[in-house]
Enquirer: 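Attaching a single structure in structure tokens format; questions to follow.
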Protein chains: 2
Amino acid sequence: MPKTKYIEIYEDLKHKIEQNIYEYQQLLPSENTLVKEYDCSRNTVRRAIGNLVNDGYVQTKHGQGVRVIYQDFKQNEYMFGETESFKEFARRNHKQHETKVILFEELTVDEEIHAHTLIPVGVEVYHLKRVRYLEGKPVIMDHNYFRKDVVKGLTAEIAEDSIYQYLDRELDQRAVTAKRKMVVERTTEEDETYLNLDGFNSVVVVTSHIFNSDGVMFEHTQSRHTPGNFVFFDQTRRK
Amino acid sequence: MPKTKYIEIYEDLKHKIEQNIYEYQQLLPSENTLVKEYDCSRNTVRRAIGNLVNDGYVQTKHGQGVRVIYQDFKQNEYMFGETESFKEFARRNHKQHETKVILFEELTVDEEIHAHTLIPVGVEVYHLKRVRYLEGKPVIMDHNYFRKDVVKGLTAEIAEDSIYQYLDRELDQRAVTAKRKMVVERTTEEDETYLNLDGFNSVVVVTSHIFNSDGVMFEHTQSRHTPGNFVFFDQTRRK
DNA sequence: TGGTATTTGTCCGTATGTATC
DNA sequence: GGATACATACGGACAAATACC
């Protein structure tokens, strides 16, 4: 499984930045220097740098150089969001986790479901409600719709473990693009029944549309998070 | 002000997707076709497509093509976040807006301020508290720290209009990279005094670190949003 | 102040690999 | 197996912003 050259360079530079070999506010070696160092073309170096810019690790300036703007504030410990599953998230943070399925049904999308999921009318789907526990506390309530023609043979047992592991291992399917919308809403009775709200009268509602490698939107999920456990990071640049 | 070729192609394709000339789930013309159409190199076409992938407009698949996955759900009408100022946001949505400065002071960063802003100890800063009104309702409370050596000559009057307009027009300074962290917190007495919370007992706290083109982190802001008015969009892809 | 070197930004052409049809 | 399509990589040329002397 040979990695590509630009990914190797990207990861090497990233590690050097994280380990302060290249320090905050310092300039990286020039592109031409890196070309010699990694024995590759300038385009390849530039591609690696472009990824670091997207990650908010460095910032380039025309005629001047590439400046490190990475600061460690434990982004990795939390970092919800991204295209990461609940199980992966829990594992990475060494937290005990569990999922309980409280509804599992199969149905056909009608106009009403289409209106809020954008899944075409007539498509057959699994509809689930699941409660996610972290360290024994119920912190997320998921309302899922999965297309049956993509997520074939889903069962409640699988849904209590990891649907994404099943997709990847059994069906050779993967989530590629995830589009998300986040809002905060007042709690419903259902939220209050199932979640540990800790005094909050609101939940963070993350609505996701998820596409597989064929460009099919195979999942629509509304995740209702208890506010106390929700953290989201993001970095943008302009120009 | 001549735009670059790949930006022109990127914007042209983007418009064609938004106007359904290239439809949802359809494949774009192949890269080689687009090369002829735009009379440019394949690299340039690929660069334009790469930007559309980042925007969540299309998804590429090796050996198959570039598929449109854009769906219009009024992303443009709201879309807080990004590197957009409050004033720009209000203008774009045709909302009446206003800002009131409730604290304006100049001070020197000590250990305590450094700990939560990451601005180096000893740096002189402006410290402001501002309340932002949308359609007459107080919806955001900002706690700002600006470096005086970058944001020279800031006054309360400027802060009631638009600091970013002042930066751009008078000081030729621009925000380039913004790093954000979002959490939900219980309201403080100050929140309750100044904001229209509409029954919520929480606020969305967005902590931002903002860098200018020289890589200097010149602003640290904590924005406390009333939950009812907060919307955030995001798209990610993996692999 | 001004000219030169350095550095990043854009663009082109070509070759090869690999997945899909 | 052959054609098509995207992915990676190389090398070169010139422009534009900045730094240096």
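A, B, ... follow the sequence lines: proteins, then strands. Residue 1 opens every chain. No hydrogens, no waters, no symmetry mates; every other heavy atom, side chains included, goes into these values.
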Enquirer: A:Leu52 CG to C:dT8 P: how many Å, rounded?
Expert: 13 Å
Enquirer: Identify whether any heavy atom of B:Arg46 sits under 4.0 Å from a base atom; if not, whether one sits that close to sugar-phosphate; answer base, sugar-phosphate or nothing.
Expert: base
Enquirer: Can you tell me if B:Glu160 uses its side chain to pair, donor with acceptor, with the backbone of B:Val101 under 3.5 Å?
Expert: yes
Enquirer: Any donor and acceptor pair, going by atom type alone, linking the side chain of A:Lys5 with main-chain N or O of A:Thr44 inside 3.5 Å?
Expert: no
Enquirer: Over 60° means perpendicular and under 30° means parallel, so classify the ring planes of B:Tyr126 and B:Phe104, tilted if in between.
Expert: tilted
Enquirer: First contact, last contact: which nucleotides of DNA chain D are these for chain A, 5' to 3', heavy-atom distance under 4.0 Å?
Expert: D:dT8 to D:dA19
Enquirer: Could you tell me whether the phosphate oxygens of C:dG9, OP1 or OP2, come under 4.0 Å of any side-chain nitrogen or oxygen in A:Lys61?
Expert: no
Enquirer: Short question: side chain of B:Asp214, backbone of B:Val216 - any donor-acceptor pair under 3.5 Å?
Expert: no
Enquirer: Could you identify which residues of residues 22-31 of chain B place a heavy atom less than 4.0 Å from some atom of DNA chain D, listed by residue number, or say none?
Expert: B:Ser30, B:Glu31
Enquirer: I need the minimum non-hydrogen distance between B:Gly215 and A:Gln25, along with the two atoms involved.
Expert: O-NE2, 2.8 Å
Enquirer: Other residues, nucleotides and ligands only: do more than 12 of their heavy atoms fall within 6.0 Å of NZ on A:Lys36?
Expert: no
Enquirer: Let me spell it out: for each of A:Asp39 and B:Gly63, pick the nucleotide of DNA chain D with the closest heavy atom. Which residue's pick is nearer the 5' end?
Expert: B:Gly63
Enquirer: May I ask you to decide if the ring planes of B:Tyr164 and B:Phe218 are parallel, tilted or perpendicular, using 30° and 60° as cut-offs?
Expert: tilted
Enquirer: Indicate whether OP1 or OP2 belonging to C:dG9 is found under 4.0 Å from a side-chain N or O atom of B:Thr4.
Expert: no
Enquirer: Over all strands shown, is A:Arg42 touching base, sugar-phosphate only, or nothing at heavy-atom distances under 4.0 angstrom?
Expert: base
Enquirer: Among the candidates C:dC11, C:dA15, C:dG17, find the nucleotide nearest to the side-chain atoms of B:His62.
Expert: C:dG17
Enquirer: Could you tell me whether B:Arg42 and B:Glu31 have a side-chain N and a carboxylate O separated by less than 4.0 Å?
Expert: yes
Enquirer: Rounded to whole angstrom units, what separation is found between the CG atom of A:Leu34 and the C1' atom of C:dT7?
Expert: 12 Å
Enquirer: Could you check whether any side-chain heavy atom of A:Phe232 comes within less than 4.5 Å of a side-chain heavy atom of A:His225, counting everything from C-beta outward?
Expert: no
Enquirer: Whole angstroms only, please: what is the CG-C1' distance between A:Asn43 and C:dG13?
Expert: 12 Å
Enquirer: Return the value, rounded to whole Å, for the distance between atom NZ of B:Lys5 and atom C1' of C:dG9.
Expert: 15 Å
